[in-house]
Peer 1: 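Before we start, here is the structure in question, set down as C-alpha coordinates.
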Protein chains: 2
Amino acid sequence: MISNKAKYALKAMTILARHHSKKMQANAIAEEGQIPYKFLEAILAELKNRGLVISKRGAFGGYVLGEEPEEITAGDILRVIDGPIAPLRCASVSGYQPCDDCEGEEICAIRNVMMDARIALSNVLDQKTLKDMAKFERGRKESIFDE
Amino acid sequence: MISNKAKYALKAMTILARHHSKKMQANAIAEEGQIPYKFLEAILAELKNRGLVISKRGAFGGYVLGEEPEEITAGDILRVIDGPIAPLRCASVSGYQPCDDCEGEEICAIRNVMMDARIALSNVLDQKTLKDMAKFERGRKESIFDE
DNA sequence: TTTAAATCCTAGTAATTCAATAGGAAATTG
DNA sequence: CAATTTCCTATTGAATTACTAGGATTTAAA
Ligand code: FES
Ligand code: FES
(Lines give C-alpha, C1' and ligand atoms only; values in the text may rest on other atoms or scores of the structure.)
(Ligands and ions follow the chains in the order given, each with its own letter.)
Protein backbone atom coordinates (compact mmCIF):
# COMPACT_ATOMS: atom_id res chain seq x y z
CA MET A 1 0.00 0.00 0.00
CA ILE A 2 1.28 3.40 -0.96
CA SER A 3 0.44 6.48 1.07
CA ASN A 4 -2.17 9.03 0.16
CA LYS A 5 0.68 11.47 -0.19
CA ALA A 6 2.27 9.32 -2.88
CA LYS A 7 -1.01 8.98 -4.70
CA TYR A 8 -1.43 12.75 -4.66
CA ALA A 9 2.13 13.13 -5.93
CA LEU A 10 1.43 10.81 -8.85
CA LYS A 11 -1.75 12.67 -9.57
CA ALA A 12 -0.07 16.06 -9.47
CA MET A 13 2.71 14.89 -11.74
CA THR A 14 0.35 13.42 -14.33
CA ILE A 15 -1.60 16.64 -14.30
CA LEU A 16 1.62 18.56 -14.91
CA ALA A 17 2.47 16.14 -17.68
CA ARG A 18 -0.87 16.69 -19.37
CA HIS A 19 -0.29 20.44 -19.30
CA HIS A 20 3.22 19.72 -20.47
CA SER A 21 4.52 22.95 -21.91
CA LYS A 22 2.57 25.33 -19.71
CA LYS A 23 3.49 26.25 -16.16
CA MET A 24 0.80 25.49 -13.59
CA GLN A 25 0.05 26.89 -10.17
CA ALA A 26 -0.39 24.73 -7.09
CA ASN A 27 -3.84 26.20 -6.86
CA ALA A 28 -4.91 24.81 -10.21
CA ILE A 29 -3.28 21.44 -9.63
CA ALA A 30 -5.04 21.10 -6.29
CA GLU A 31 -8.39 21.81 -7.84
CA GLU A 32 -7.98 19.58 -10.85
CA GLY A 33 -6.65 16.71 -8.73
CA GLN A 34 -8.94 17.19 -5.73
CA ILE A 35 -5.87 17.49 -3.52
CA PRO A 36 -5.84 19.51 -0.27
CA TYR A 37 -3.93 22.66 -1.15
CA LYS A 38 -1.54 22.88 1.78
CA PHE A 39 -0.76 19.20 1.61
CA LEU A 40 0.02 19.54 -2.06
CA GLU A 41 2.41 22.36 -1.31
CA ALA A 42 4.41 20.10 0.95
CA ILE A 43 4.43 17.38 -1.69
CA LEU A 44 5.58 19.74 -4.42
CA ALA A 45 8.38 20.92 -2.13
CA GLU A 46 9.70 17.37 -1.86
CA LEU A 47 9.40 16.79 -5.56
CA LYS A 48 11.23 20.02 -6.17
CA ASN A 49 14.09 19.09 -3.84
CA ARG A 50 14.63 15.96 -5.89
CA GLY A 51 14.46 17.82 -9.17
CA LEU A 52 11.24 16.23 -10.39
CA VAL A 53 9.61 19.62 -10.70
CA ILE A 54 10.94 23.12 -11.17
CA SER A 55 9.26 26.03 -9.48
CA LYS A 56 9.03 29.73 -10.04
CA ARG A 57 8.14 31.97 -7.11
CA GLY A 58 6.16 35.15 -6.93
CA ALA A 59 3.19 36.43 -8.87
CA PHE A 60 2.48 34.35 -11.97
CA GLY A 61 4.84 31.71 -10.63
CA GLY A 62 4.09 28.00 -10.72
CA TYR A 63 5.47 24.56 -11.40
CA VAL A 64 6.77 22.67 -14.43
CA LEU A 65 8.13 19.16 -14.77
CA GLY A 66 11.84 18.91 -14.05
CA GLU A 67 12.41 16.47 -16.90
CA GLU A 68 10.62 15.32 -20.02
CA PRO A 69 7.47 13.28 -19.30
CA GLU A 70 9.05 10.26 -20.93
CA GLU A 71 11.98 10.43 -18.55
CA ILE A 72 10.07 10.45 -15.28
CA THR A 73 8.60 7.16 -14.10
CA ALA A 74 6.04 6.24 -11.49
CA GLY A 75 8.89 4.53 -9.64
CA ASP A 76 10.86 7.78 -9.43
CA ILE A 77 7.94 9.57 -7.87
CA LEU A 78 7.08 6.80 -5.44
CA ARG A 79 10.66 6.54 -4.23
CA VAL A 80 10.80 10.24 -3.51
CA ILE A 81 7.60 10.25 -1.48
CA ASP A 82 7.30 6.79 0.08
CA GLY A 83 10.89 5.59 -0.04
CA PRO A 84 12.04 2.22 -1.39
CA ILE A 85 9.50 0.17 -3.32
CA ALA A 86 10.89 -3.21 -2.27
CA PRO A 87 8.65 -4.96 0.24
CA LEU A 88 11.62 -5.32 2.61
CA ARG A 89 14.73 -3.20 3.05
CA CYS A 90 16.95 -6.29 2.76
CA ALA A 91 15.56 -6.76 -0.77
CA SER A 92 15.94 -3.14 -1.75
CA VAL A 93 18.55 -1.60 -4.02
CA SER A 94 17.83 2.05 -3.29
CA GLY A 95 17.29 1.58 0.44
CA TYR A 96 19.20 -1.53 1.36
CA GLN A 97 19.56 -2.42 5.00
CA PRO A 98 20.36 -5.86 6.42
CA CYS A 99 17.93 -7.79 8.60
CA ASP A 100 19.41 -8.22 12.03
CA ASP A 101 17.07 -11.09 12.82
CA CYS A 102 18.14 -13.16 9.81
CA GLU A 103 21.70 -14.41 9.74
CA GLY A 104 22.86 -15.42 6.27
CA GLU A 105 20.63 -13.35 4.05
CA GLU A 106 22.00 -15.02 0.92
CA ILE A 107 20.04 -18.04 1.96
CA CYS A 108 16.96 -16.41 3.51
CA ALA A 109 13.76 -17.68 1.90
CA ILE A 110 11.77 -14.57 2.74
CA ARG A 111 14.35 -12.28 1.24
CA ASN A 112 14.41 -14.49 -1.83
CA VAL A 113 10.68 -14.03 -2.33
CA MET A 114 10.88 -10.31 -1.74
CA MET A 115 13.68 -9.92 -4.24
CA ASP A 116 11.45 -11.49 -6.87
CA ALA A 117 8.61 -9.25 -5.77
CA ARG A 118 10.78 -6.17 -5.97
CA ILE A 119 11.94 -7.06 -9.46
CA ALA A 120 8.41 -7.67 -10.68
CA LEU A 121 7.22 -4.46 -9.09
CA SER A 122 10.02 -2.26 -10.38
CA ASN A 123 9.66 -3.75 -13.84
CA VAL A 124 6.23 -2.17 -13.89
CA LEU A 125 6.84 1.02 -11.96
CA ASP A 126 10.13 1.97 -13.59
CA GLN A 127 8.69 1.38 -17.05
CA LYS A 128 5.57 3.49 -16.73
CA THR A 129 6.46 7.07 -17.57
CA LEU A 130 4.47 10.21 -17.11
CA LYS A 131 4.04 10.26 -20.85
CA ASP A 132 2.28 6.90 -20.70
CA MET A 133 0.14 8.04 -17.83
CA ALA A 134 -0.78 11.37 -19.38
CA LYS A 135 -1.74 9.62 -22.59
CA PHE A 136 -3.93 7.16 -20.71
CA GLU A 137 -5.98 9.94 -19.23
CA ARG A 138 -6.30 11.97 -22.41
CA GLY A 139 -9.84 12.00 -23.70
CA ARG A 140 -10.94 12.59 -20.17
CA LYS A 141 -9.55 16.06 -20.12
CA GLU A 142 -12.62 17.46 -21.82
CA SER A 143 -15.08 15.87 -19.48
CA ILE A 144 -13.37 17.69 -16.62
CA PHE A 145 -14.02 21.04 -18.17
CA ASP A 146 -17.45 20.13 -19.50
CA GLU A 147 -19.35 20.07 -16.29
CA MET B 1 6.96 -2.20 2.44
CA ILE B 2 5.50 -5.00 4.51
CA SER B 3 5.32 -4.82 8.29
CA ASN B 4 7.67 -6.58 10.65
CA LYS B 5 4.68 -8.57 11.76
CA ALA B 6 4.19 -9.89 8.25
CA LYS B 7 7.84 -10.75 7.95
CA TYR B 8 7.67 -12.66 11.22
CA ALA B 9 4.57 -14.45 10.00
CA LEU B 10 6.33 -15.55 6.83
CA LYS B 11 9.28 -16.67 8.88
CA ALA B 12 7.15 -18.61 11.32
CA MET B 13 5.28 -20.30 8.50
CA THR B 14 8.43 -21.35 6.64
CA ILE B 15 9.81 -22.74 9.87
CA LEU B 16 6.62 -24.74 10.34
CA ALA B 17 6.88 -25.90 6.75
CA ARG B 18 10.42 -27.12 7.27
CA HIS B 19 9.31 -29.14 10.29
CA HIS B 20 6.36 -30.26 8.21
CA SER B 21 5.08 -33.38 9.91
CA LYS B 22 6.01 -32.49 13.48
CA LYS B 23 4.08 -30.12 15.69
CA MET B 24 6.07 -27.15 16.99
CA GLN B 25 5.66 -24.93 19.99
CA ALA B 26 5.60 -21.14 19.77
CA ASN B 27 8.60 -21.21 22.02
CA ALA B 28 10.70 -23.14 19.55
CA ILE B 29 9.49 -21.11 16.56
CA ALA B 30 10.35 -17.88 18.35
CA GLU B 31 13.84 -19.03 19.08
CA GLU B 32 14.57 -20.45 15.65
CA GLY B 33 13.19 -17.36 13.93
CA GLN B 34 14.48 -14.77 16.39
CA ILE B 35 10.93 -13.53 16.88
CA PRO B 36 9.74 -11.88 20.13
CA TYR B 37 7.70 -14.56 21.86
CA LYS B 38 4.61 -12.59 22.82
CA PHE B 39 4.44 -10.91 19.45
CA LEU B 40 4.63 -14.29 17.78
CA GLU B 41 1.74 -15.52 19.90
CA ALA B 42 -0.44 -12.72 18.54
CA ILE B 43 0.64 -13.51 15.00
CA LEU B 44 -0.09 -17.19 15.35
CA ALA B 45 -3.52 -16.33 16.70
CA GLU B 46 -4.35 -14.42 13.53
CA LEU B 47 -3.01 -17.17 11.33
CA LYS B 48 -5.07 -19.66 13.27
CA ASN B 49 -8.27 -17.65 12.87
CA ARG B 50 -7.79 -17.80 9.13
CA GLY B 51 -7.01 -21.48 9.16
CA LEU B 52 -3.40 -21.18 8.07
CA VAL B 53 -2.25 -22.98 11.17
CA ILE B 54 -3.92 -25.43 13.54
CA SER B 55 -3.15 -25.29 17.22
CA LYS B 56 -3.31 -27.70 20.12
CA ARG B 57 -3.55 -26.27 23.60
CA GLY B 58 -2.19 -27.49 26.89
CA ALA B 59 1.01 -29.27 27.82
CA PHE B 60 2.80 -30.67 24.78
CA GLY B 61 0.55 -28.57 22.58
CA GLY B 62 1.81 -26.59 19.61
CA TYR B 63 1.16 -25.57 16.04
CA VAL B 64 0.99 -27.29 12.67
CA LEU B 65 0.30 -25.92 9.20
CA GLY B 66 -3.38 -25.74 8.39
CA GLU B 67 -2.84 -26.91 4.82
CA GLU B 68 -0.15 -28.63 2.82
CA PRO B 69 2.95 -26.48 2.28
CA GLU B 70 2.35 -26.47 -1.47
CA GLU B 71 -1.12 -25.03 -0.93
CA ILE B 72 -0.16 -22.02 1.17
CA THR B 73 1.41 -19.07 -0.62
CA ALA B 74 3.30 -16.02 0.55
CA GLY B 75 0.37 -13.98 -0.73
CA ASP B 76 -2.06 -15.82 1.55
CA ILE B 77 0.05 -15.05 4.59
CA LEU B 78 0.63 -11.42 3.66
CA ARG B 79 -3.06 -10.79 3.09
CA VAL B 80 -3.93 -12.18 6.50
CA ILE B 81 -1.41 -10.02 8.33
CA ASP B 82 -1.03 -6.84 6.27
CA GLY B 83 -4.24 -6.84 4.25
CA PRO B 84 -4.48 -6.34 0.50
CA ILE B 85 -1.26 -6.49 -1.49
CA ALA B 86 -2.35 -4.03 -4.16
CA PRO B 87 -0.63 -0.66 -3.82
CA LEU B 88 -4.01 1.07 -3.76
CA ARG B 89 -7.40 -0.14 -2.60
CA CYS B 90 -8.99 0.92 -5.89
CA ALA B 91 -6.68 -1.55 -7.63
CA SER B 92 -7.32 -4.36 -5.19
CA VAL B 93 -9.43 -7.46 -5.67
CA SER B 94 -9.47 -8.69 -2.09
CA GLY B 95 -9.87 -5.25 -0.54
CA TYR B 96 -11.47 -3.08 -3.20
CA GLN B 97 -12.65 0.38 -2.28
CA PRO B 98 -13.26 3.26 -4.66
CA CYS B 99 -11.21 6.45 -4.58
CA ASP B 100 -13.47 9.33 -3.65
CA ASP B 101 -11.02 11.87 -5.07
CA CYS B 102 -10.95 10.31 -8.54
CA GLU B 103 -14.11 10.38 -10.53
CA GLY B 104 -14.19 7.84 -13.34
CA GLU B 105 -11.79 5.21 -12.13
CA GLU B 106 -12.04 3.31 -15.39
CA ILE B 107 -10.01 6.05 -16.89
CA CYS B 108 -7.70 6.93 -13.97
CA ALA B 109 -4.05 6.73 -14.97
CA ILE B 110 -2.84 6.07 -11.45
CA ARG B 111 -5.24 3.22 -10.93
CA ASN B 112 -4.17 1.82 -14.29
CA VAL B 113 -0.54 1.71 -13.17
CA MET B 114 -1.44 0.20 -9.84
CA MET B 115 -3.50 -2.51 -11.45
CA ASP B 116 -0.47 -3.54 -13.46
CA ALA B 117 1.62 -3.39 -10.30
CA ARG B 118 -0.84 -5.53 -8.39
CA ILE B 119 -0.90 -8.14 -11.13
CA ALA B 120 2.87 -8.31 -11.30
CA LEU B 121 3.11 -8.52 -7.55
CA SER B 122 0.47 -11.17 -7.07
CA ASN B 123 1.94 -13.22 -9.88
CA VAL B 124 4.99 -13.58 -7.69
CA LEU B 125 3.42 -13.76 -4.26
CA ASP B 126 0.58 -16.11 -5.12
CA GLN B 127 2.94 -18.46 -6.90
CA LYS B 128 5.52 -18.87 -4.17
CA THR B 129 4.37 -21.61 -1.83
CA LEU B 130 5.71 -22.58 1.56
CA LYS B 131 7.09 -25.67 -0.11
CA ASP B 132 9.23 -23.50 -2.37
CA MET B 133 10.32 -21.39 0.53
CA ALA B 134 11.13 -24.31 2.78
CA LYS B 135 13.15 -25.92 0.03
CA PHE B 136 15.10 -22.74 -0.54
CA GLU B 137 16.21 -22.64 3.02
CA ARG B 138 17.03 -26.32 3.33
CA GLY B 139 20.76 -26.92 3.73
CA ARG B 140 20.81 -24.05 6.14
CA LYS B 141 18.98 -25.99 8.77
CA GLU B 142 22.18 -27.70 9.89
CA SER B 143 24.18 -24.54 10.22
CA ILE B 144 21.62 -23.28 12.72
CA PHE B 145 22.21 -26.20 15.01
CA ASP B 146 25.95 -26.34 14.42
CA GLU B 147 26.98 -23.32 16.40
C1' DT C 1 -6.32 -34.85 41.26
C1' DT C 2 -2.82 -31.96 41.32
C1' DT C 3 0.60 -29.61 38.63
C1' DA C 4 3.24 -28.18 34.95
C1' DA C 5 3.16 -26.63 30.33
C1' DA C 6 1.15 -24.80 26.71
C1' DT C 7 -2.23 -21.86 24.05
C1' DC C 8 -5.72 -18.17 24.34
C1' DC C 9 -7.61 -13.66 25.59
C1' DT C 10 -7.92 -8.79 26.99
C1' DA C 11 -5.58 -4.79 27.58
C1' DG C 12 -2.35 -1.37 27.28
C1' DT C 13 1.72 1.51 25.86
C1' DA C 14 5.50 3.95 23.73
C1' DA C 15 7.12 5.32 19.43
C1' DT C 16 6.46 6.29 14.87
C1' DT C 17 4.09 7.53 10.74
C1' DC C 18 0.15 9.66 8.28
C1' DA C 19 -2.62 13.20 6.76
C1' DA C 20 -3.07 17.22 7.01
C1' DT C 21 -3.33 22.59 8.77
C1' DA C 22 -1.66 27.29 10.29
C1' DG C 23 0.83 31.29 9.78
C1' DG C 24 3.89 33.98 7.99
C1' DA C 25 8.59 35.00 5.32
C1' DA C 26 10.54 35.64 0.84
C1' DA C 27 10.41 36.42 -4.01
C1' DT C 28 8.53 38.09 -8.31
C1' DT C 29 5.69 40.79 -11.38
C1' DG C 30 3.11 44.71 -12.72
C1' DC D 1 4.37 49.62 -3.50
C1' DA D 2 0.76 45.88 -3.90
C1' DA D 3 -0.75 41.60 -5.19
C1' DT D 4 0.34 37.03 -5.92
C1' DT D 5 2.52 32.93 -5.34
C1' DT D 6 6.07 29.84 -3.65
C1' DC D 7 8.78 28.59 0.51
C1' DC D 8 9.65 27.48 5.42
C1' DT D 9 8.72 26.14 10.20
C1' DA D 10 5.91 23.92 13.32
C1' DT D 11 2.15 21.77 15.20
C1' DT D 12 -1.73 18.62 15.66
C1' DG D 13 -4.87 14.66 15.88
C1' DA D 14 -5.56 10.21 14.48
C1' DA D 15 -4.03 5.95 13.18
C1' DT D 16 -0.70 2.27 12.90
C1' DT D 17 3.30 -0.35 14.47
C1' DA D 18 5.74 -3.13 17.40
C1' DC D 19 5.54 -4.86 21.11
C1' DT D 20 4.57 -6.22 26.46
C1' DA D 21 1.86 -7.72 30.75
C1' DG D 22 -0.92 -10.65 33.13
C1' DG D 23 -3.78 -13.93 33.73
C1' DA D 24 -7.61 -17.45 32.07
C1' DT D 25 -8.15 -21.80 29.92
C1' DT D 26 -6.95 -26.26 28.27
C1' DT D 27 -4.36 -30.48 28.17
C1' DA D 28 -1.49 -34.28 29.55
C1' DA D 29 1.47 -36.39 32.57
C1' DA D 30 2.77 -37.49 37.50
S1 FES E 1 17.33 -11.37 5.36
FE2 FES E 1 15.68 -9.96 5.31
S3 FES E 1 14.00 -11.29 5.64
FE4 FES E 1 15.66 -12.63 5.94
S1 FES F 1 -9.29 5.75 -8.99
FE2 FES F 1 -7.93 5.20 -7.40
S3 FES F 1 -6.22 6.44 -7.91
FE4 FES F 1 -7.69 7.15 -9.32
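Convention: sequence-line order gives letters A, B, ...; per-chain numbering from 1.
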Peer 1: Taking OP1 and OP2 of dT7(C), is either one under 4.0 Å from a side-chain nitrogen or oxygen of Lys48(B)?
Peer 2: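 Negative; the distance criterion is not met.
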Peer 1: Run the salt-bridge test on Lys5(B) and Asp82(B) with the 4.0 Å N-O cut-off and return the result as yes or no.
Peer 2: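 Looking at Asp82(B) together with Lys5(B), the answer is no, because their closest N to O distance does not fall below 4.0 Å.
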Peer 1: Figure out the CG/C1' separation between Leu44(B) and dC8(C), and round it to whole Å.
Peer 2: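 So the CG-C1' distance, Leu44(B) to dC8(C), works out to 11 Å.
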Peer 1: Has Tyr96(B) got more than 12 heavy atoms of other residues, nucleotides or ligands less than 6.0 Å from its OH?
Peer 2: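 Atom OH in Tyr96(B) is packed in, count exceeds 12.
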Peer 1: Please list each protein N or O that sits under 3.5 Å from an N or O in nucleotides 28-30 of chain D, with the distance.
Peer 2:
residue, atom, partner, partner atom, Å
dA28(D), OP1, Lys56(B), NZ, 3.2

Peer 1: Compare the minimum distances between each of dC9(C), dT6(D), dC19(D) and the side chain of Lys38(B), then state the nucleotide with the smallest one.
Peer 2: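 Selected nucleotide: dC9(C).
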Peer 1: Within less than 4.0 Å of OP1 or OP2 of dT20(D), is there a side-chain N or O belonging to Tyr37(B)?
Peer 2: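 For Tyr37(B), the contact criterion (side-chain N or O under 4.0 Å from OP1 or OP2 of dT20(D)) is not met.
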Peer 1: Taking the side chain of Pro36(B) as heavy atoms from C-beta outward, which of dT20(D), dC7(D), dA6(C) is closest to it?
Peer 2: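 Nearest nucleotide to the side chain: dT20(D).
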Peer 1: Checking the side chain of Lys131(B) only, and the main-chain atoms of Pro69(B) only, is there a donor and an acceptor separated by less than 3.5 Å?
Peer 2: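 No: the side chain of Lys131(B) does not pair with the backbone of Pro69(B).
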Peer 1: For Asn49(B) and dT7(C), give me the distance from atom CG to atom C1', rounded to whole Å.
Peer 2: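 About 13 Å, once rounded to whole Å.
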Peer 1: For residues Asn112(B) and Ile107(B), determine if any side-chain heavy atom of one lies less than 4.5 Å from a side-chain heavy atom of the other.
Peer 2: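 When only atoms from C-beta onward are counted, Ile107(B) and Asn112(B) do not touch, as no gap falls below 4.5 Å.
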Peer 1: Would you mind telling me which of dG22(D), dT7(C), dC19(D) lies closest to the side-chain atoms of Ala26(B)?
Peer 2: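 Looking only at side-chain atoms, Ala26(B) lies closest to dT7(C).
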Peer 1: For the pair made of NZ in Lys23(A) and P in dT29(C), what is the distance, rounded to whole Å?
Peer 2: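 After rounding, the reported distance stands at 8 Å.
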Peer 1: Given side-chain contact (heavy atoms from CB on, under 4.5 Å), test Ile72(A) with Met13(A) step by step and report yes or no.
Peer 2: CA-CA 9 Å; Ile72(A) 301 178; Met13(A) 291 294 278; 4.0 Å; yes
Peer 1: Specify the separation, in whole Å, of atom CD1 of Ile35(A) and atom C1' of dC18(C).
Peer 2: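 So the two atoms are 16 Å apart, to the nearest Å.
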Peer 1: Could you tell me the separation between the NZ atom of Lys5(B) and the C1' atom of dT16(C), rounded to a whole number of Å?
Peer 2: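 The answer, rounded to whole Å, is 16 Å.
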Peer 1: Which whole-number value in Å describes the distance from Leu47(B) CG to dT7(C) P?
Peer 2: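 Rounded to whole Å, this separation is 14 Å.
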Peer 1: Do you reckon Val113(A) sits in the same ILVMFWY cluster as Ile81(B), going by side-chain contacts under 4.5 Å, direct or chained?
Peer 2: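 Val113(A) clusters together with Ile81(B).
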Peer 1: Assign each of Leu40(A) and Ser55(B) to its nearest nucleotide of DNA chain C by heavy atoms, then name whichever residue's nucleotide is nearer the 5' end.
Peer 2: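 Of the two residues, Ser55(B) wins.
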Peer 1: If you count heavy atoms of other groups shown closer than 6.0 angstrom to CD of Glu31(A), is the number above 12?
Peer 2: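 No, the 6.0 Å shell around CD holds no more than 12 heavy atoms from other groups.
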Peer 1: Please check this pair: side chain of Lys23(B) against backbone of Phe60(B), looking for a donor-acceptor N/O pair closer than 3.5 Å.
Peer 2: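 Yes, because the side chain of Lys23(B) sits within donor-acceptor range (under 3.5 Å) of the backbone of Phe60(B).
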Peer 1: Rounded to whole Å, how long is the line connecting atom CZ of Phe39(A) with atom P of dA22(C)?
Peer 2: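 Atom CZ in Phe39(A) sits about 14 Å away from atom P in dA22(C).
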Peer 1: Please write out the pairs of protein N or O atoms and N or O atoms of nucleotides 11-17 of chain D separated by less than 3.5 Å, giving the distance to one decimal.
Peer 2:
none

Peer 1: Can you name the nearest heavy-atom pair linking Gln127(A) to Asp132(A), along with the distance?
Peer 2: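 Looks like O-OD2, 3.5 Å.
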Peer 1: Using a cut-off of less than 4.0 Å, is there contact between a side-chain N or O of Tyr63(A) and OP1 or OP2 of dC7(D)?
Peer 2: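 Yes, because at least one side-chain N or O of Tyr63(A) sits under 4.0 Å from OP1 or OP2 of dC7(D).
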Peer 1: Rounded to whole angstrom units, what separation is found between the CE atom of Met1(B) and the C1' atom of dT17(C)?
Peer 2: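 These atoms are roughly 14 Å apart.
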Peer 1: When you measure from the side chain of Arg79(B) to the backbone of Ile85(B), do you find a donor-acceptor pair of N or O atoms at a distance under 3.5 Å?
Peer 2: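 Not a single qualifying donor-acceptor pair exists.
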